[in-house]
Amino acid sequence: MRKTIEFLFNGEPRRLAKFDPNMTVLRYIRESERATGSKEGCAEGDCGACTAVVAELSDGALRYRAVNSCIQLLGTLDGKALMTVESLKHNGKLHRAQQAMVAEHGSQCGFCTPGFIMSMFAGLQAEVQPTHQAINELLAGNLCRCTGYTPILNAAKNVLKSGVDEEWAARGEDLKDKLQKLSVDSGVRTWEERDRFVIPLSVDELAAYLVEHPDAALVAGGTDLGVRITKNHKEYQSLVYLGRIPELKQIENLPEGVRLGAAVTYDAGRQVLAQLSPSIGQLVGRIGAVQVRNLGTIGGNIANGSPIGDMPPALIAANAELTLRRGAEVRKIALEDYFIAYGRQDIHPGEFIESIWIPRPAPSAILKVYKISKRIEQDISSVCGAFNIEIDNTAAQPTVTKARICFGGMAGIPLRATACEDFLEGRAWSDDTILRAREILENTYEPLSDARASSAYRNRIAGNLLYKYFLESRTSTEVGVQAAHA
Ligand SMILES: Cc1cc2nc3c(=O)[nH]c(=O)nc-3n(C[C@H](O)[C@H](O)[C@H](O)COP(=O)(O)OP(=O)(O)OC[C@H]3O[C@@H](n4cnc5c(N)ncnc54)[C@H](O)[C@@H]3O)c2cc1C
Ligand code: FES
Ligand code: FES
């Protein structure tokens, strides 16, 4: 068992024994490494001024990902290479992303610029295509308050069009070599009994540790937990990182459905979820921005228990099941039963979510999710409605055989609309049925009014989404993830 974490900082090895488990990567970069290119704008993953790139080995190749260093925790860098804007200039020459920003006048005060550069650098390494849509997605997590986006988008287009980064390819080989030389083949328990960062390398190791230390908090991507540290000033004494446990990162794509390890990130799970349901795939693309999707996990979204988390309504409508584990004991529960009341979930001390099973929708079902938020990118839901309705089209009149409808943002937990489901089942899939079902739905919930939407708006939108689903179900099986333009 190691007492240190090891990683590369701008290509140089680092080994740390004693560090505050609550230390963010950004604090480490600025305060310990004194590399001040990465900035703190919001400290909650929204603005991208802190964007750094983390590279890790995956099947022998290096994968580069842009991350929000303000909410990522230092301990999660174990075995990885962290790169900041300071590392891009090479042999006295600016990187081509930096050159492009200069050429296009993409910077004014410069506060946001290192973040944009690092997102472009990650995009270049990932061979993101220079299309309008791909560039928007790449840069959606970076905000600029002064330049105006056109020069920045033009710079990104020029960078991505410029093709393989030959110069960086050579530096990448060197990075790979150095990563392979890190001694990170065993788990970690940093030396302090309190102020401890723990990195198990197997699910058995995790389960055993949590039985002994049921008070330890888990961290997967840290995109919720990191914000608690930076914004609520929460201080954890002991954190257990899930991101180096292969079983929790496993994706099984089976004929009957998909099983996701609890620590599968949005980025890793997006493709398989899109194959299972294009609408859920689109929903994943609407969660945060690239930097959040590179870190955030689907298990974390569920465990966090937020009434406006986006995955639970979609996965409850899909009839997903959770596997929970404590020591050697494993239990399975329907995802909807996990949410008991606001802030209360069916999980015991020392227990953790191991995996999520999502059955493939029935051939006669149309599964659609609609996320209503004020902005398309980087915004959380006011309401998220998911419909999984099976329709028998062989009868003279198409008839509903099964209905699962679930909403987020309408109650203290993601909650099924069972009265509406019961009404629909066995009825003709017709205008008349839908108008009556819509009325039932609009009277099912007692949502809160808050900064995002009023109670009346939420009820109205719930009914409207059912009607929209109905209209779309008659014309196509296309997906319906949309933003409301308030
Ligand atoms: C800028 C920004 C934008 C966001 N946008 C969205 C959005 O559009 N939609 C949305 O739904 N969410 C959004 N989020 C919230 C967040 O990204 C998601 O909830 C994410 O899925 C959390 O996953 P994580 O791995 O980062 O969780 P973490 O922060 O690591 O953990 C969250 C909680 O779950 C617990 N936990 C994690 N894994 C397990 C496990 N396996 N078993 C038991 N407990 C566990 C942790 O202890 C912690 O309490 C956003 C967050 C940010 C910062
Ligand atoms: S400082 Fe704003 S995203 Fe990190
Ligand atoms: S150049 Fe000032 S915030 Fe972007």
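As the structure lists them, so they are numbered: ligands from 1, and atoms in each ligand from 1.
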Ligand-side contact atoms (ligand 2) for residue partner G45, heavy atom cut-off under 4.0 Å: 3 (S)
Distance filter under 4.0 Å to D310 heavy atoms, resulting ligand 1 atoms: 7 (C), 8 (O), 9 (N), 10 (C), 11 (O)
Heteroatom distance test (T297, ligand 1): nitrogen or oxygen, under 3.5 angstrom: yes
Element-labelled atoms of ligand 1 that are located less than 4.0 Å from some non-hydrogen atom of R286: 8 (O)
Numbered atoms of ligand 3 (with element) below 4.0 Å of T147, judged on heavy atoms: 1 (S)
Test of proximity, E351 against ligand 1: N or O pairs below 3.5 Å: no
Any N/O pair D46/ligand 1 closer than 3.5 Å: no
R145 neighbourhood, listing ligand 3 atoms whose heavy-atom distance to it stays under 4.0 Å: 3 (S), 4 (Fe)
L248 to ligand 1, any heavy atom closer than 4.0 Å: no
Under 4.0 Å to a heavy atom of N301 - the qualifying atoms of ligand 1, by number: 10 (C), 11 (O), 12 (N), 18 (C), 19 (O), 21 (O), 22 (C), 23 (O)
Pi-cation contact, Y370 with K368 (under 6.0 Å, within 45°): no
Heavy atom of protein closer than 4.0 angstrom to atom 23 (O) of ligand 1: yes
Residue C112 vicinity, atoms of ligand 3 by number, heavy atom under 4.0 Å: 1 (S), 3 (S), 4 (Fe)
Ligand 1 contacted by A217 (non-hydrogen, < 4.0 Å): no
From L225, L322, T230, L239 - option closest to atom 29 (O) of ligand 1 by heavy atom: L225
Whether R228 lies under 4.0 Å from ligand 1, heavy atom: yes
Under 3.5 Å: N/O of L218 near N/O of ligand 1: yes
Proximal atoms of ligand 2 relative to N68 (non-hydrogen, under 4.0 Å): 3 (S)
Where ligand 1 meets D379 - atom numbers and elements under 4.0 angstrom, heavy-atom basis: 8 (O)
Per-residue contact class, A43 against ligand 2 - non-hydrogen pairs under 4.0 Å: backbone
Pair F407 + F387: ring centers closer than 6.0 Å: yes
Nearest-option assignment for atom 4 (C) of ligand 1, heavy atoms, candidates G243, G45, G288: G288
Contacting atoms of ligand 1, where contact means under 4.0 angstrom from a heavy atom of G309: 11 (O)
Atom 13 (C) of ligand 1 [closest protein heavy-atom partner, distance rounded to 0.1 Å]: I380 CG2, 4.0 Å
Separation between CZ of R286 and CD of Q378, rounded to the nearest 0.5 Å: 12.0 Å
Within-shell test, Q291 vs ligand 1, heavy atom, strictly < 4.0 Å: no
Distance-only N or O hit between ligand 1 and E44, under 3.5 Å: no
Residue pair R452, S381: steps toward the side-chain hydrogen bond (donor to acceptor under 3.5 Å, both in side chains) verdict: CA-CA 8 Å; R452 283 185 200 96; S381 293; over 6 Å; no
Nearest-contact summary for atom 2 (Fe) of ligand 3 - protein heavy atom, Å: C146 SG, 2.1 Å
Proximity winner for atom 2 (C) of ligand 1, if only heavy atoms of D224, V240, V292 are counted: V292
Heavy-atom proximity to atom 39 (C) of ligand 1, best of T223, L242, I353: L242
Spacing of CD1 belonging to I353 relative to CG belonging to L218, to within rounding of 0.5 Å: 9.0 Å
Rounded to 10 degrees, the angle SG of C70 makes with SG of C50 at atom 4 (Fe) of ligand 2: 100°
4.5 Å side-chain heavy-atom contact, L82 and I29: yes
Nearest neighbour in protein (non-hydrogen) for atom 1 (S) of ligand 2: G41 N, 3.1 Å
Close-contact set for ligand 3 against C109 heavy atoms, below 4.0 Å: 1 (S), 2 (Fe), 3 (S)
Heteroatom distance test (M311, ligand 1): nitrogen or oxygen, under 3.5 angstrom: no
Closest protein heavy atom to atom 3 (S) of ligand 2, given as residue, atom name and distance to 0.1 Å: G48 N, 3.1 Å
Shortest non-hydrogen contact from L74 toward F7: CD1-CZ, 4.0 Å
C47 atom SG and C42 atom SG as seen from atom 2 (Fe) of ligand 2, angle to 10 degrees: 110°
Numbered atoms and elements of ligand 1 in range of G221, under 4.0 angstrom, heavy atoms: 24 (P), 25 (O), 26 (O), 30 (O)
